[in-house]
Protein chains: 2
Amino acid sequence: MPAPKPGAPVRGSSTGRPVMAALDLFGRRWNLRIVWELREDTLGFRALQQRCDGMSSSVLRQRLTELLDARVVEQQPDAAYRLTELGRGAYQALRPLMRWSGEWAAALAGEEDHR
Amino acid sequence: MPAPKPGAPVRGSSTGRPVMAALDLFGRRWNLRIVWELREDTLGFRALQQRCDGMSSSVLRQRLTELLDARVVEQQPDAAYRLTELGRGAYQALRPLMRWSGEWAAALAGEEDHR
DNA sequence: GCGCACCGCTTCGGAAACAGAATCGCCGTC
DNA sequence: GACGGCGATTCTGTTTCCGAAGCGGTGCGC
């Protein structure tokens, strides 16, 4: 299972269009979450695992190698992980989604009311 | 596997914070892609399946029930699927990510050059 | 009425991804 | 030199996904 990259065919699309590579990368479980958790902290392996409610270490390693490969995350000399410049851009791109989740919660709660 | 909803515990987080529910919902394979494909068309089941490079019908059905449940997608009387108001909001929230994928592609391509 | 094509949707066996725990080597500290 | 914490790896069992076949329903030509 190679890390998705723009320009190469990815799971679910053979065109290699960047957007498809991004959809594959972030459509893999935990990848969105990892970017989210690293948004303003640099975390070690185990600390990151804790933040993700104890996701399995094997999958965390797998995801980290994918994100490292995608230049979204980098590893410091002391082995802690943090977002690259590119990764911070991805987080910025994710922020509207976070804002949307608030509207989403409100809408579902409102609909709960008049039922 | 229940569809994630804000206010309820989800995979990877027990807090029920909306953002965690959103990260779970969109961190599931194909969900980002489905919203993307429905961004400006209303599509039938099989048409949608084609757009997603022939994803398996069983998983498509599973994802659609999740998205229907989350009020992100709705079904017309003629059974075709389209984004709800909420779903269009989600797509809008996703657009920066699409823009980012372009920068991402450029950055990776540039690094390819001086190597 | 009958065959046919298309549709949304379901079922099922095999393949791939994930979870979870045990374990390794590597530092520092005491 | 025993200990604890760390990143990382390996292994086994479960969950999820894939892919193909097939279901019932609907519309159409004949």
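Chain A is the first sequence line, chain B the second, and so forth, proteins listed ahead of strands; every chain is numbered from 1.
- Proximity of B:P6 to A:W104: side-chain heavy atoms (C-beta onward) are separated by under 4.5 Å at one or more points.
- Both B:G54 and A:D78 sit near DNA chain D, but only A:D78 has its closest nucleotide nearer the 5' end.
- Look at CD on B:E66: it is 15 Å from P on C:dC9, rounded to the nearest Å.
- Regarding A:L43, its CG atom lies at a distance of 18 Å from the P atom of D:dG5, rounded to whole Å.
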**Report entry** Check against side chain to side chain contact (heavy atoms under 4.5 Å, CB included), B:L64 and B:F45
**Finding:** CA-CA 9 Å; B:L64 282 174; B:F45 187 92; 3.9 Å; yes
Query raised in the report: Given the rule in the side chain to side chain contact (heavy atoms under 4.5 Å, CB included) test, do A:L97 and B:F26 qualify, once you have shown the distances and angles that lead to the verdict?
Result: CA-CA 10 Å; A:L97 190 62; B:F26 292 116; 3.9 Å; yes
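- As a whole-Å value, the separation of A:L60 CG from C:dA17 P is 17 Å.
- One can place CG of B:L48 at 12 Å from C1' of C:dG8, the figure rounded to the nearest angstrom.
- One can place CE of B:M55 at 14 Å from P of C:dT10, the figure rounded to the nearest angstrom.
- When the side-chain nitrogen and oxygen atoms of A:S56 are compared with OP1 and OP2 of C:dG20, none of them lie within a distance under 4.0 Å.
- Distances shown here put every side-chain N or O of B:R11 at or beyond 4.0 Å from the OP1 or OP2 atom of C:dC18.
- The nearest whole Å value for the distance from the CG atom in A:L25 to the C1' atom in C:dA17 is 16 Å.
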Query raised in the report: Taking protein heavy atoms under 4.0 Å as touching, what does nucleotides 8-14 of chain D look like 5' to 3' if B marks base contact, S marks sugar-phosphate-only contact and - marks none?
Result: SBB----
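- In terms of phosphate contacts, A:W30 brings no side-chain nitrogen or oxygen within less than 4.0 Å of OP1 or OP2 of C:dC18.
- Taking the ring axis of B:W36 as reference, the NZ or CZ atom of B:R39 stays within 45° of it and closer than 6.0 Å to the ring centre.
- Regarding contacts with the backbone of D:dC18, a side-chain N or O of B:R29 is found under 4.0 angstrom from either OP1 or OP2.
- If you measure from atom CG of A:D53 to atom P of C:dC18, you get 17 Å, rounded to the nearest angstrom.
- Within 4.0 Å (heavy atoms only), B:R63 reaches sugar-phosphate atoms of the nucleic acid but no base atom.
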Requested in this report: Starting from the C-alpha separation in whole Å, work towards a yes-or-no answer on side chain to side chain contact (heavy atoms under 4.5 Å, CB included) for A:R82 and A:L38.
Outcome: CA-CA 6 Å; A:R82 67 175 172 190; A:L38 290 178; 5.7 Å; no
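- Between the CD atom of A:Q49 and the C1' atom of D:dG5 there is a distance of 13 Å, rounded to whole Å.
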Requested in this report: Please assess B:Y81 against B:V73 for the test side chain to side chain contact (heavy atoms under 4.5 Å, CB included), listing each intermediate value before the final yes or no.
Outcome: CA-CA 7 Å; B:Y81 295 93; B:V73 164; 3.9 Å; yes
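- Dashed line: the shortest gap from a side-chain N or O of B:Q62 to OP1 or OP2 of D:dT16 is not under 4.0 Å.
- The aromatic ring centroids of B:W100 and A:Y91 lie 6.0 Å or more from each other.
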